Every structure is written in structure tokens, then in C-alpha cells.
Amino acid sequence: MSHYKAKFASFGMHVPKKVVNNFDLEKIVDTTDEWIRTRTGMFERHHCTKDEAATDIAVVAATKAIESSQVKYKDIDLIITATVTGDYNFPSASCILQKRLGLGRIPAFDISAGCTGFVYALDMAKQYVENGTKQNVLVTGVDILTKITNWKDRGTCVLFGDGAGSTIVTRAERSDISEIMDSITFADGSLGDLLIQEGGGSRRPASHETVDQNLHTIYMEGNKIYRHAIKSMQASTEELLKRNKMTARDVDWVIPHQANLRIIEGLADKLRVPMDKVIVNIEKYGNTSSATIPMAMAEAVGSSKIRRGDIILLTSFGAGLTWGSILARY
Ligand code: UT7
């Protein structure tokens with residue numbers, strides 16, 4: 001039994017300045033604008049420069065989220081960041097964000113759940129707020145996958161962009177219409193090899209050999225993940241809706257992970273949700289991993305497409321493999 005309700009106070013997003021479109025990629029690998037558009041729905045993505053790292057963009061997204069909420073900096077009492085590409089293996093991106101935002105000695109930690117990271121982080125933040133332990137949690141999804149991209153692998157290098165999105169999960173009054181109603185998360189570690197960065201961990205520490213073999217870059221079996229993606233997001237969404245005695249017809253907006261437009265359309269079809277209720281911005285940003293959902297939320301809230309009181313459904317899948325969904329009234 002939860003003591004309190006949790007809600008989204010606000011969202012903020014940020015991407016690096018440098019824009020790389022499909023025609024730019026044609027000059028790097030054997031690909032075409034036509035292939036990328038028709039197979040993925042992507043056209044542009046933003047890339048960090050050599051000197052930019054995860055917290056450089058996360059700090060801007062977090063600042064926007066904080067300043068567009070009623071929450072004061074001094075009242076934030078926990079930081080959770082979803083990322084697989086923090087500035088360093090350690091310390092965590094959350095600890096660096098705490099320092100850069102001047103947030104005092106509040107607890108701060110990162111979680112690793114690939115592209116599902118933001119959904120996992122929200123699931124946690126919601127519980128901290130509901131049980132009364134924390135009141136205002138800064139939750140960020142940030143990934144700089146272009147720093148771990150294999151630029152010789154056309155099957156992956158065209159897909160990823162860099163970005164950050166943040167929200168404040170805050171305590172809601174009982175009378176408040178806004179609420180994070182429910183969340184559900186899953187993992188299947190037996191499928192971990194389908195999407196993996198093999199080098200740089202304790203199994204294959206960095207060495208000349210691991211660098212020569214490109215083991216510090218992303219290895220992905222795209223079409224195996226593709227098949228799993230639609231099924232897993234559909235199953236977690238349907239289970240979540242069912243236990244809340246709702247159907248997809250009750251949902252005003254679906255905000256899915258932006259990995260591939262065909263996956264998004266396939267999911268909408270399975271859920272029988274028309275595409276005009278699905279938030280899509282993949283053509284502008286590509287796949288920004290844990291940042292896709294908070295970035296899409298920040299844009300949709302910023303343009304008043306999503307309004308207070310709307311029922312929203314966030315759903316994602318990613319490395320692990322992991323997947324999950326969040327049901328909320330914004
Ligand atoms: O966020 C979670 C991370 N994971 C994902 O998002 C992965 C989800 N998977 C996907 O989005 C899709 O599987 C991809 C976009 C990665 C690939 O699309 P696909 O329709 O599954 O293509 P495929 O891998 O089956 O490859 C089809 C063909 C192959 O050529 P052949 O063997 O048929 O001659 C590939 O070599 O397309 C070729 N291909 C390309 N051609 C031009 C693969 N990448 C490219 C490319 N440009 N960039």
C-alpha cells in the first residue's frame with residue numbers, strides 16, 4: 001500500500017548542436033538516404049563533438065526540467081540517471097550531475113538497462129516517492145552512443161544519435177489529477193548477446209587487442225531484436241493496461257522508444273492504436289537510447305500536444321534484453 005502518489009512535474013530535453021543527416025552518412029558507409037528512410041524512418045540525428053560527453057548535454061536537459069517545474073533546486077532529494085554511456089565507467093553520471101547542478105549531498109546513482117533505462121528509472125523514482133522516502137527525484141535518460149559506434153558497421157552506425165531528456169518525479173496531492181499510475185518492467189538475460197559492448201568491462205578489459213577487434217563498439221543483431229521489440233512492448237503494455245482495468249482505447253498518447261518507425265507502427269497496429277495518438281520524432285533524432293522517451297515527452301508537452309489530465313503510456317525495449325511500460329495521467 002503506497003502512502004503517497006507520484007506525478008511528473010515537468011520535462012526538459014537537449015541535443016548537441018552538430019546535425020548529421022542521411023546524405024552525410026552516405027559519405028561514411030555504404031548506405032543510402034532511401035534505405036535509411038524506408039527501413040527506419042530516420043533522416044537526421046545529432047552527434048556530440050570529440051569534446052562533449054554525457055553530462056554536458058544532461059545538465060542542460062535537467063536544468064530545463066527543473067526550471068519549468070515548481071520544484072526548487074534545494075528540494076530535489078534524489079538523482080537517478082539511466083545511461084550506458086556516462087562520462088566515465090565511474091563515478092556515475094548522476095554524481096557528476098549533482099555537482100554540476102549544485103544540488104548538495106543528495107544520493108545519486110545510475111542504472112544500466114539500455115534503451116529501457118528511462119522506464120526502469122521511472123519505476124524506481126515512483127516507488128521512492130510513493131513510500132515517502134523522497135519527494136522530488138530528478139530522473140534523466142542520456143546516451144552518447146555515437147562514442148561507442150562502429151563506423152564500419154552500416155547495420156548500426158546509421159541508427160544512433162545523441163541526446164538527453166529529464167523529468168522531475170514529484171509527490172502529488174491526493175486531489176491532484178496527475179499521477180504515475182503503474183509501471184511494469186522485465187528482463188531476459190539469456191538474450192543479452194544480441195546487443196552488447198563486449199570490451200572495457202571486467203570480462204574483456206581494454207587492451208590493444210580489444211581495440212584492434214573493435215570490441216568497445218556496439219554489436220547488435222538488429223533483426224532478432226526487431227522481432228522481440230514489438231512482442232515485448234505489446235505484452236508489457238497489455239498486461240499493464242489489463243491490471244488497471246483499461247484498454248488501449250483509454251490511452252490518449254503512446255510514447256514508444258524511438259528505435260525504428262516500422263517497430264513503432266507495428267506496435268501501434270498490434271495495440272490497435274491509430275498513429276495520430278503515437279508520439280514520433282525519430283526522423284529528427286534517430287535512436288538516442290535511454291533519452292528517446294523523455295525527449296519525446298519534452299517536445300510533446302512543450303508544444304501542448306500532451307496536456308495535463310491526458311492518459312499516457314510509455315513503453316520501451318533495449319539491451320539486456322530489457323523492456324517495460326509506464327501508465328500515467330500527465
Ligand atoms: O534500441 C534498441 C536497439 N535495437 C534496435 O533498435 C534494433 C531494431 N532493429 C532494427 O531496427 C532493424 O533490424 C535494422 C534497422 C537494424 C535493420 O533493418 P532490417 O530490415 O532488419 O534489415 P536487415 O538487417 O535484415 O538487412 C537487410 C539488408 C541486408 O542486405 P542483404 O543481406 O539483404 O543484401 C543488409 O546488409 O539491408 C542491408 N543493410 C543496409 N543497406 C544499406 C543493413 N544496413 C544497411 C544500411 N544501408 N545502413
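Atoms within each ligand, like the ligands themselves, are counted from 1 in listed order. As the structure is a computational prediction, the values presented were derived from the model and not from experiment.
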Student: Taking atom 2 (C) of ligand 1 as the point of reference, which of W323, F317, F160 owns the nearest heavy atom?
Tutor: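 Going through W323, F317, F160 one by one, F317 has the nearest heavy atom to atom 2 (C) of ligand 1.
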Student: Any non-hydrogen protein atom below 4.0 Å of atom 31 (P) of ligand 1?
Tutor: no
Student: Give the atom numbers and elements of ligand 1 that come within less than 4.0 Å of a heavy atom of L195.
Tutor: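 Within the 4.0 Å cut-off of L195, ligand 1 contributes 3 (C).
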Student: Could you tell me whether N223 approaches ligand 1 through its side chain, its backbone, both or neither, with non-hydrogen atoms closer than 4.0 Å?
Tutor: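 The answer is both, backbone and side chain.
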Student: May I ask you to identify the nearest protein heavy atom to atom 5 (C) of ligand 1, giving residue, atom name and distance to one decimal place in Å?
Tutor: M220 SD, 3.7 Å
Student: Check whether any protein heavy atom sits under 4.0 Å from atom 18 (O) of ligand 1.
Tutor: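 It does: a protein heavy atom is found less than 4.0 Å away from atom 18 (O) of ligand 1.
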Student: Which ligand 1 atoms are under 4.0 Å away from a heavy-atom of N260?
Tutor: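 With N260 as reference, the close atoms of ligand 1 come out as 10 (C), 11 (O), 12 (C), 15 (C).
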Student: Got the closest protein heavy atom to atom 9 (N) of ligand 1, with its distance?
Tutor: G222 O, 3.1 Å
Student: If the threshold is 4.0 Å, N to carboxylate O, is there a salt bridge linking E52 and K18?
Tutor: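 No, no charged N to carboxylate O under 4.0 Å.
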Student: State the atoms of ligand 1, each with its element, that fall below the 4.0 Å cut-off from a heavy-atom position in T40.
Tutor: 15 (C)
Student: Relative to ligand 1, is T31 under 4.0 angstrom through side chain, backbone, both or neither, heavy atoms considered?
Tutor: both
Student: Can you check whether W323 and H228 have ring centres sitting under 6.0 Å from each other?
Tutor: yes
Student: Does the distance from a Lys or Arg side-chain N to an Asp or Glu carboxylate O, for K126 and E130, drop under 4.0 Å?
Tutor: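 Yes, this pair counts.
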Student: State the atoms of ligand 1, each with its element, that fall below the 4.0 Å cut-off from a heavy-atom position in V158.
Tutor: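 Within the 4.0 Å cut-off of V158, ligand 1 contributes 48 (N).
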Student: Is the ring pair F109/Y128 parallel, tilted or perpendicular, if the boundaries are 30 and 60 degrees?
Tutor: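 F109 and Y128: tilted rings.
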Student: Strictly by modelled atom types, are Y285 and E299 linked by a side-chain donor-acceptor pair under 3.5 Å?
Tutor: yes
Student: Compare all side-chain heavy atoms of C115 with those of N287 and state whether any distance is below 4.5 angstrom.
Tutor: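 Yes, side chains in contact.
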Student: Using a strict 4.0 Å threshold on nitrogen-to-oxygen distance, state whether D30 and R154 make a salt bridge.
Tutor: yes
Student: So, for atom 13 (O) of ligand 1, does the protein have a heavy atom nearer than 4.0 Å?
Tutor: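 Yes.
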Student: So for I263, does at least one of its heavy atoms come nearer than 4.0 angstrom to any atom of ligand 1?
Tutor: yes
Student: Is ligand 1 under 4.0 Å from a heavy atom in the side chain of I36, in the backbone, in both, or in neither?
Tutor: neither
Student: Starting from M275, can I reach I311 by hopping between I/L/V/M/F/W/Y residues whose side chains sit under 4.5 Å apart?
Tutor: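 Yes: a chain of side-chain contacts under 4.5 Å links I311 to M275.
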Student: Between R243 and D182, is there a salt bridge with N-O shorter than 4.0 Å?
Tutor: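 Looking at R243 together with D182, the answer is yes, because their closest N to O distance falls below 4.0 Å.
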Student: Among all protein non-hydrogen atoms, which one is nearest to atom 38 (C) of ligand 1, and what is the separation to 0.1 Å?
Tutor: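 It is R154 NH2, 3.6 Å.
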Student: Applying the side chain to side chain contact (heavy atoms under 4.5 Å, CB included) criterion to V169, which one of L78, N136, L122 satisfies it?
Tutor: L122
Student: Would you tell me whether E67 and Y73 have side-chain atoms, one donor and one acceptor, within less than 3.5 Å of each other?
Tutor: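 Their side chains do contain a donor-acceptor pair, which is all the 3.5 Å distance test asks for.
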Student: Could you tell me, atom by atom, which parts of ligand 1 come under 4.0 Å of a heavy atom of A259?
Tutor: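 Here the atoms of ligand 1 in question are 1 (O), 6 (O).
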Student: Can you list the atoms of ligand 1 that are under 4.0 Å from a heavy atom of G155?
Tutor: 16 (C), 44 (N)
Student: Give the numbers and elements of all ligand 1 atoms closer than 4.0 Å to a heavy atom of R262.
Tutor: 18 (O), 19 (P), 20 (O)
Student: Determine, for D176 against K7, whether the closest basic-nitrogen to carboxylate-oxygen distance falls under 4.0 angstrom.
Tutor: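 K7 and D176: salt-bridged.
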Student: Heavy-atom distances under 4.0 Å are what count here, so tell me which part of V29 touches ligand 1: side chain, backbone, both or neither.
Tutor: neither
Student: Should you measure from each heavy atom of R39, which atoms of ligand 1 turn up under 4.0 Å away?
Tutor: 19 (P), 20 (O), 22 (O), 27 (C)
Student: Answer yes if the side chains of H216 and T210 hold a donor-acceptor pair under 3.5 Å, and no otherwise.
Tutor: yes
Student: Of all the non-hydrogen atoms in the protein, which one sits nearest to atom 43 (C) of ligand 1, and at what distance?
Tutor: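 Nearest neighbour among protein heavy atoms for atom 43 (C) of ligand 1, to 0.1 Å: W35 CZ2, 3.4 Å.
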